[in-house]
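The next block holds one structure in the form of structure tokens; read it before the comments.
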Amino acid sequence: MSDSWQGPGARDPQGPSTGSGWGQQARPSEQGQQPDRAARQGRQQPYPARDARQQPYQGHPQERHAYAHPPRQHVHPHPHPPEQAHQAEPRAESAERAEAPEAPEAEAAAPEVAAPEVAAPEVDAETSGSRRQARRRARGKDGARDGARRRRRGGLLKVVAFCVVTAVGSLILLRGNELLDRLGTPTAPDKAAETPAPEPPDPGRVLQVIAHPDDDLYFMNPDLRYSISAGSPVTSVYLTSGEADGINAGSAKAATTKPDKPAYAEARQNGIRAAYAKMATGDRGSPWTRTVVPTKGGGHAEVDVLMAKPQVNLVWLQLREAGTVYETAPNSLHGLWDGKIPRLDSMLASGTPVKQPFSYSKDQVVQTLVGILEQYRPTTVRSQDPTPGRYPDTKRYTDHQDHFYGARFVQLATAAYAKDVTDRPHFAVQNYAGYINGSLPSALDPDEAKEKLDILGTYAWLDRQNHCNSPAGCGDLKISDQPGGNRWSDSINYARGTSTNWLTSDAQQGLWAFKVLDGQVAVWHRAGPAGRWKGPDLLPGTGMDPGVSTVTLADGRTAVFGTRTSFGAKPTDYRREVVHAVQKQPGAEQFTEWQSLGTPETADENWTSDISAPAVSVDGTGQLAAYVRDGAAGLRGRVQQPDGSWGPWEKYGGTDLHGSPATATDGAGRRMVFAATSKSVVGWTQPTPGAPLGQVTATGLPDTTLPLTADGREGGVRLWFRKPGSGNVRTALITGEGGLKVSQMTDLGGLQGFGSVTASGHLLAGRTAGGQLGSEAGSGRPWERSPLLFVGAPSSTMTGKGLVSLAVVGLDARLYVTSSADVPNAHLAPWQPVGPRNAPPSLPSPASPASPASGPAPAAP
């Protein structure tokens, strides 16, 4: 952690304070830390100062854990703010935690299977006489019947014992490492050693970086609300003040309202604090402490800590915004990125404890974000889409320039953080689509959309009550006429990481999982059906974008495909390309170096590098092909030749394509490719295996939300997708004989939700309303909800002929796996965490957590 990114207690040239460094206590001052106005009104007193020698913050004592069983107390990943009292008892040292064996999150006890206890013989209630005589009297003439009863009971015990042995075998299939370790170790006489308390799952630490105050509410909710509700530490970082034109008024009063950019920036801050307080506590007026923090970039940030839930932080960097969605604006993040200005000035909100203006160079913005990452050590980083693309007709970007250039600064910062900081946990990245959501089918069901709109209404200050006691106003009146924006409150879409085929099995029934952590592809591997899990091991090569896909080649090797972003000295050096790596031998843990397939785009200034993640498949001849949606919203692909070389990027047509394509092979070995449009689904198919793809064909399917999942079965290819405005899972069978034909269109219901659906055998799984994983393990069975919150998409695969395996990566950037027999009435086994707990080797000293949240400026969301 750099000395320049220090805590609220750091010596601040803007005002008196005591101590030095992030972990020291700071004293409130006029220009340093101050409770917000709600706190000064007496609703709640600030927590007393906390001794720096105490353990780090362990979480709010009354919080519900996100998982099925009550958690043991554990060290909270966020440092505790200096002004807040530590209310949870300290837990054991991290060394003790490391000794505790892992346990699936659904299990509350050790996994050893105990033999059933045999019931003791019945005893006569009378105390006189011998027990034998009492039993004889009680038995009387029914002695023969009781003997038969005892024989039946003995038979039942044999059945139970058989079931126990079967259960042990099943658990070994699921939980290779843990049970193999225990079965190979003599039983200890100490009972406590036999049944150690399970380690509580880690809810993860989320850090969001957004351009404007409200981008998080429009484009990252309901994921944001789910994380807060689950008790995850959440920090939102706002790059700009979102000052727009400085007019905080609806359309009716805009012409008569005097512009005041610092006041409008303050009103937006007040609205964000109210929205977060409502999500976290139910009370929009729940008080905050506000602190000045020196940044690693040489400026100052405001850090707000919610006093009732101190794991919720807001960090305000307060840079100047562009003030326009599309037009050239040199004094902006875009201008700073392109080198049109050497430094970008701050735009301080009125009422902020930061009083000294500052400016940042491009590198200083990056270093400021690196410092925040060092402080919070997130396991999940959320940012906006760095490559939103352009409209084909106007060539204008589909998103606000602050949104995607801000996301590119996040890309640079996470790359530097991953490279230069070793004392940190692994982290995953999730990108979110922006303005384009308004032109796509609604992804949220009515209840979720209403919840999201309600939070936006709080931010928009619809009630006009001066609960914040601020002359600037308590919210963003610019959006009060239409708080939902351009239908943005109806949707949420991930820009990347939607593939559901990152988990795969091999011929020996081993499992392989591939996800991007720290900008590299992480590999987890279980050898055979009951081998030990290994990983995560990071494949060499950085710059990998979220989301990879796998495919099994004709010789049994696994190939991994993704995209990689690279940066150069010039702005036009920013590029995204398709890359792949291949197992050196079937089942081997060694992979080739990443090989580039390039990009169908000629240069970033034409279409940005808006190519989708690749979809890959092998047809009946063993021919491998990769497909992407290009920047012009059409389909492009490259096909591997018999000699191993790759043909050129071919154009396959299609317009208005969104998300990533999906591909699979039918029973005849024909490759099919599908892509969603804003109105329906289109497809392509090979007339015969080995032949080029045919022309784009309308399927006639109704409009669907993103993304699509495809799997070869029933002689054709089955698609899964979601019903707009509902979240219900739908499916249809596509056959290719004589051209694409659609049949068996069915609504499967589900638990609402949004995003990818994975399907293998009888199993369906996907994100539900509430953010957890929902699954259906048999046709006609009710859907079940898992307590896991996760990043991106789930993935599943057949392991052998009779077992389905399912995996997610949690918000703690840790792999979780489960399995189910592939039969109609199956249930999922308990989830197994894979690998060590994802925490840094040493936790930071007690300190004030800092992190902000932002959204699209109301003037130009």
Side-chain angles (χ1 to χ4, degrees), residues 7-8 25-26 28 33-50 54-66 70-71 73-89 203-208 213 216-217 221-222 224-236 269-291 302-316 353 376 451 454-455 458-459 463 465 467-470 474-475 846-853:
Q25 175 185 345
Q33 174 172 331
Q34 61 183 40
D36 74 346
R37 291 175 174 83
R40 293 200 297 271
Q41 289 175 356
R43 274 192 292 272
Q44 181 174 340
Q45 293 298 319
Y47 285 38
R50 177 170 177 273
Q54 292 178 346
Q55 293 293 322
Y57 171 67
Q58 299 175 13
H60 195 277
Q62 296 178 349
E63 252 176 71
R64 259 191 195 281
H65 202 279
Q73 287 182 338
H74 61 284
V75 176
H76 198 290
H78 266 292
H80 192 28
E83 279 70 35
Q84 266 119 37
H86 183 65
Q87 295 193 5
E89 295 181 6
R205 298 169 294 286
V206 176
L207 187 136
Q208 305 183 154
D216 44 353
L217 304 184
N221 241 352
L224 168 60
R225 179 168 55 84
Y226 297 159
S227 301
I228 291 175
S229 298
S232 298
V234 174
T235 295
S236 293
Q269 285 195 10
N270 290 335
I272 287 293
R273 281 188 284 268
Y276 271 71
K278 184 172 182 177
M279 286 187 286
T281 71
D283 176 14
R284 68 183 179 189
S286 191
W288 301 74
T289 56
R290 301 171 61 185
T291 304
E302 176 183 337
V303 176
D304 299 346
V305 178
L306 185 60
M307 295 172 67
K309 291 288 183 72
Q311 69 270 29
V312 177
N313 288 194
L314 308 175
V315 177
W316 307 94
Y376 286 100
E451 288 270 7
D454 183 52
I455 297 301
T458 300
Y459 166 76
D463 62 8
Q465 296 180 26
H467 52 83
C468 67
N469 193 28
S470 169
C474 299
S848 166
S851 70

Please report the shortest heavy-atom distance between Ser227 and Val206, naming the atom on each side.
OG-CG2, 4.2 Å
Return the minimal non-hydrogen interatomic distance between Tyr459 and Ile272, and the atom names on each side.
CD1-N, 3.6 Å
Of all heavy-atom pairs between Pro233 and Gly204, which one has the smallest distance, and what is that distance?
CD-O, 3.1 Å
Side-chain contact test, heavy atoms from C-beta onward, threshold under 4.5 Å: evaluate it for Thr291 versus Val305 and give yes or no.
no
Less than 4.5 Å apart, side chain to side chain, heavy atoms only: is that true for Tyr276 and Asn313?
no
Find out whether His467 and Asp283 are in side-chain contact, i.e. whether some heavy atom of one side chain is under 4.5 Å from a heavy atom of the other.
no
What's the spacing between Cys474 SG and Arg273 CZ if we round to 0.5 Å?
10.0 Å
Evaluate Leu306 against Met279 for side chain to side chain contact (heavy atoms under 4.5 Å, CB included), listing each step before the verdict.
CA-CA 11 Å; Leu306 185 60; Met279 286 187 286; over 6 Å; no
Just wondering, do Asn221 and Glu451 contact through their side chains at under 4.5 Å, heavy atoms?
no
Any donor and acceptor pair, going by atom type alone, linking the side chain of Thr458 with main-chain N or O of Ala275 inside 3.5 Å?
no
Closest heavy-atom pair, Asn270 versus Cys468, reported as atoms and distance to 0.1 Å, is ND2-SG, 3.9 Å
Closest heavy-atom pair and its distance - Ser232, Gln311
O-CG, 4.1 Å
Scan Ile228, Val234, Thr281 and name whichever one has a side-chain contact (heavy atoms from CB on, under 4.5 Å) with Lys309.
Thr281
Distance from Ile455 atom CD1 to Arg225 atom CZ, nearest 0.5 Å?
7.0 Å
Could you tell me which non-hydrogen atom of Asp304 sits nearest to which non-hydrogen atom of Trp316, and how far apart they are?
OD2-NE1, 2.8 Å
